[in-house]
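Okay, structure first, notes after.
Below, all heavy atoms of this structure are taken into account, side chains as well, without hydrogens, waters or symmetry copies.
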Amino acid sequence: MSTATIELGRFLTITGQRFKDGDTAPEMFSGAIDAAWHEMLGTPEYAALCEETAGQPIRHVENNGFGPIAWVAAYEEAYGPLPEIWFTDAEGNVDEEGLARYRETGRVVAEWDCGPAGGDGDDLAPETDLA
């Protein structure tokens with residue numbers, strides 16, 4: 001399993017917990033992990049990963065924003081510090097400034113254009129309007 005897929009599973013675990021607790025959806029700010037997400041959407045492996053990690057189907061939806069990433073503390077509590085892939089775009093370029101800021105302050109402020117949403121399993125196919 002690739003690093004991006006492992007991190008996607010961790011993200012989905014946090015997603016499931018946030019939904020269970022009535023919190024907002026976590027922000028997907030890594031282009032590299034989002035690319036792995038797109039590759040898995042609509043596959044039996046993705047459906048199984050959702051059930052295993054989030055305990056429910058998770059849709060991929062457009063959700064644009066910029067600001068502090070609210071779920072970092074939950075990630076760190078469960079898995080330790082965010083690895084570099086969270087600061088990597090879909091082409092493999094690392095946001096060195098963002099990574100350094102995170103390592104110095106423990107905070108992540110980022111832009112995102114998609115995120116998870118709960119679903120009944122009928123809408124787990126890739127969305128055609130998303131890159």
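We find the CG-CE distance between L12 and M40 to be 8.5 Å, quoted to the nearest 0.5 Å. Here the CD-CZ distance, from E96 to R101, works out to 12.0 Å after rounding to the nearest 0.5 Å. How far OG1 of T88 is from CD1 of I33: 8.0 Å, rounded to the nearest 0.5 Å. Rounding to the nearest 0.5 Å gives a distance of 8.0 Å between OH of Y46 and NE2 of H60. The CZ atom of F87 sits 12.0 Å away from atom CD of E97, with the distance rounded to the nearest 0.5 Å. With values rounded to the nearest 0.5 angstrom, E27 atom CD is found 6.0 Å from T24 atom OG1.
Across all their heavy atoms, Y102 and L82 have their closest contact at OH-N, 2.8 Å. Nearest heavy atoms, P26 versus T15: CG-OG1, 3.1 Å. Residue E91 comes nearest to D89 through the heavy atom pair N-OD1, 2.9 Å, listed as atom of the first residue, atom of the second, then distance. Between I58 and P116, the closest heavy-atom pair is CG2-CB, 3.5 Å. Scanning both residues, G115 and N63, for their nearest heavy atoms gives N-CB, 4.1 Å. Nearest approach of E51 to P57, heavy atoms of both residues: OE2-CD, 3.3 Å.
Between the side chain of R18 and the main chain of A25, no donor-acceptor pair closer than 3.5 Å is present. Y79 contributes no side-chain N or O that, together with a main-chain N or O of A74, makes up a donor-acceptor pair within less than 3.5 Å. Between the side chain of D21 and the main chain of D23, no donor-acceptor pair closer than 3.5 Å is present. Here the side chain of W37 pairs no donor or acceptor atom with the backbone of L8 at under 3.5 angstrom. Between the side chain of S30 and the backbone N or O of I85, at least one donor-acceptor pair lies under 3.5 Å.
At a threshold of 4.0 Å, the pair E7-R10 counts as salt-bridged, since one of the basic side-chain nitrogens sits closer than that to a carboxylate oxygen.
Between D113 and E111 there is no side-chain heavy-atom pair separated by less than 4.5 Å. In this structure the side chain of L99 reaches within 4.5 angstrom of the side chain of V94, judged on heavy atoms. The shortest side-chain heavy-atom distance between F29 and D34 does not fall under the 4.5 Å cut-off. Taking 4.5 Å as the limit, every side-chain heavy atom of V72 sits out of range of all side-chain heavy atoms of R107.
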Problem - Stepwise side-chain contact (heavy atoms from CB on, under 4.5 Å) check, E62 with C114 - result: CA-CA 4 Å; E62 192 171 328; C114 63; 5.8 Å; no

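Residues W86 and W112 keep their aromatic ring centres 6.0 Å or farther apart. Ring centroid separation for the pair F11 and Y75 does not come in under the 6.0 Å cut-off.
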